[in-house]
Structures are given as structure tokens and as C-alpha cells.
Amino acid sequence: MEQTDSMEMMKEMIRNEIQSIDALTERTAFKELMEGVFLGLYETNLQMYGELERRIGDELGYDQSRYRVRTGVIEREYFDGSHHFLSPMEDNDLEEKHYDMKEIVDTVREKGEFPLMKVLLCCDYMELEALWESDPVFKGTITTEAPEGEWEIEVRLKRNTAYLERIKYLYHLFIKNGVPWQTVNAPYLYKMADVVVTGLPKELDGQEKICQVTIQFGEYSRVVRQELIPVWNIQKLTLDGIGFPTPCGDHSSYEHNISIHEYGSEHAYLAEDSQKIQSVTQTMDKLRIISATGEAKKWDVYMLRSSKDHRIDRYTYPLMQNGRSESFAEKYQRKWNQNIRTRTELAHFIRGFGLEEIGRASCRERV
């Protein structure tokens, strides 16, 4: 609208100027000059400014709700690889566990421990800290064939930090892509533990074939949950660029375009910073990446899937998200810039995360 008004004002000024010229020849020459050169340059200039405004608007435009991260844990037997928005945080969690005795024996003798499995410790913070401090030793049994036998082993629980490292990496992706970071609500990940073998019978030579591994967790059996897969609403994609990179005005950066039409523009996308990314902008079904590399390449892109739960979805352990539902008091505060510093307001803020029902759940459903 502003550009249209500006153009009309410019045309009106030119018409007035033309009318002020008395000589017919000069008036004709001036009119042709304005029509053929000046107005064309002016229109081109307006179009360039309009495009610049749109690009700046796209880069500044940010919908916080589109970048919400949901996390949870799902029993392996219930996980559906075609789920509409959840993916494993670690792809190898879906692989069936097969143990090799030689690998176990060699690893324990060289490194002192062998990671056997991952478990969730379904207990509160104080009990969890007491467990780490006491560092209990558990007994286990490996049943083998060829030769047949049962071998007693020694195992311990060890903090699992691999999933938290994934959250740390996600933080860096947000920052590199110029997206404000929101702390991820992932309580399950702080209660994941590795079950590691720390002691084996000396008689084992690694040639035995394992049939079954059994662990006796003793008093902690009530809190240990096995066969769980940490999941989130993020999927890694590898996408091709569209056409050739376009040099930017700074003569050192290039613009790359990537089509996301196949996956949908309703999702949010983060590009991996393997080529010194300067900015990432999503416009409809296309990503525009400004990078220092001038070569056409495949891009690793992380898709934050936006989807509502289906009625047939089944979650034994509730999913968590880092988005909140604002209360009336919070909306009032934001509008009128008036802080309400009371216990009631604090209660409203906490309820905004939707965790009340989880707090009332049984130990199996709590984190």
C-alpha cells in the first residue's frame, strides 16, 4: 500500500512538472525521458526495497510454538516406526540386542566395563542420588550353550549422558540457526542409566554362545524399567539443494535453497552447521540458507515435527513438552506490563506446563 501511494505521488509530481513546461518539444522530450528511464528506475528501486523488506520480515518472523520440543519414553514393543511425529533419539535403540561373549570378555578386560543395556530409574531425585552415591553391585547370570552353563557376573548402574548430549547438540543447532532457545523439558533423560558388566568369571574364554542374560536388581527392581526407548519429535533428514548456489552481495557468502515440499511447511527445520551457516530462513515450502560454502551439496536438516496426538496413540509414560499454556494473569501482565508477584501467580505459572496429572500418577507413570 505504501509503495502504491509513493508511486502515485511520484506520477503526480511528474505530471505537474510536464504541465509547467511551455515548449512543446521540450515537454515531449521530458515526458519520454520520464516514461522510458526515470519511472522504470523508480519502479525497479521500489521492487528491490519491497523484496528486501520481505526477506528481512521472513528472517525476523518467529513463531515460538513451531519450535516446541516434545520428549518421552516408549516401550520397545509399542513403538511404531511410522509414528506421525515421534522418532527415537538414538536410531540404534531400535536394533535387537545380540551379545557376543568374546566382545564382552575383551571389553571388560581392556576397559573394565561393558555396556549391556539401558534402563529407566523410576524414582525421585533423592533416591536416585542415594543410588549413585552408594554405587551398588548387582549379580547377574549369563546362560550359554556350546558349552552349556550358567555364569555369574557382576554389574553396576552408571549414569547415561548420551541422550543429554543430544539435547546439548540441539541447543547449538538452535543458536547457529538464529532461533531463540527454549529449555527442553526432558526429565526422563536424567533418569536413564547404563547397565554395565564389571566382573566376569575367569573361566570364560569368549568362545561361548550366549542364550540369555539375566540381572537381579534386588531392592531396586521396583524402580528399574527395561526395554524403553527415549523419543522426541525431531527427525534428521538429508536433502538436496535446488539449482546452484547464488553469490551474495558481500562476495564471500552464498545463498542455497532447499525444497521441503515433500515433508510439509507446517514443521520447523534446523540446518546442521557443517558449512559455517550464517542464517536459515523458511519461506513456505523452501529453506533459504546463507553459508560460506559455494558448492552445491546435500544438507543435513533436522525437522521439528508439529502434530497433535491421535486418539489411538498410547503412552504409558506421558510425553513432555517445553511449551506452556498461559494463564489470564500472565496475559494481563504482558499486555499492561504489571507484574503479579504472589504464590498464586507462581502456581498458575507451574500449572501452565500441564504436569499436574503426572504428579498425581502412580510410580509407574511418574518421572
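Throughout, residue positions are numbered sequentially from 1 according to the sequence presented.
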Full working for side-chain contact (heavy atoms from CB on, under 4.5 Å) between Leu287 and Val301: CA-CA 10 Å; Leu287 289 182; Val301 175; 4.1 Å; yes
side-chain contact (heavy atoms from CB on, under 4.5 Å) assessment of Asp205 paired with Glu208: CA-CA 7 Å; Asp205 58 12; Glu208 299 82 1; 3.0 Å; yes
Rounded distance (nearest 0.5 Å) linking atom [atom1] of [X] with atom [atom2] of [Y]:
X      : Y      : atom1 : atom2 : result
Leu157 : Ser134 : CG    : OG    : 9.5 Å
Lys286 : His261 : NZ    : NE2   : 14.0 Å
Leu270 : Leu304 : CG    : CG    : 5.5 Å

Compare all side-chain heavy atoms of [X] with those of [Y] and state whether any distance is below 4.5 angstrom.
X      : Y      : result
Met101 : Lys209 : no
Ile153 : Thr198 : no
Ile290 : Cys248 : yes
Asp240 : Trp299 : no
Tyr263 : Leu237 : yes
Leu239 : Lys298 : no
His256 : Thr293 : yes
Val73  : Ile229 : no

Say whether [X] and [Y], considering side chains only, have a donor N or O and an acceptor N or O under 3.5 Å apart.
X      : Y      : result
Thr141 : Trp151 : no
Gln282 : Ser265 : no
Tyr220 : Glu127 : no
Asp194 : Asn160 : yes
Arg305 : Gln235 : yes

Between [X] and [Y], is there a donor-acceptor pair closer than 3.5 Å when you use the side chain of the first and the backbone of the second?
X      : Y      : result
Thr144 : Pro147 : yes
Tyr99  : Leu116 : yes
Asn177 : Ala271 : yes
Lys191 : Cys123 : yes
Asn233 : Arg68  : yes

Any salt bridge between [X] and [Y], counting N to O under 4.0 Å?
X      : Y      : result
Glu129 : Arg159 : yes
Asp93  : Lys118 : yes
Glu113 : Lys158 : yes
Glu227 : Arg225 : no

Whether over 12 other heavy atoms sit under 6.0 Å from Glu133 CD: no
Shared hydrophobic cluster, Phe244 / Ile277 (ILVMFWY, side-chain heavy atoms < 4.5 Å): no
Same apolar cluster (I L V M F W Y, side chains within < 4.5 Å links), Val69/Tyr171: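 Cluster IDs for Val69 and Tyr171 match.
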Leu319/Gln321 under side-chain contact (heavy atoms from CB on, under 4.5 Å): CA gap, chis, key distance, verdict: CA-CA 7 Å; Leu319 296 181; Gln321 67 177 7; over 6 Å; no
Evaluation steps, side-chain contact (heavy atoms from CB on, under 4.5 Å), between His172 and Leu170: CA-CA 5 Å; His172 289 291; Leu170 182 65; over 6 Å; no
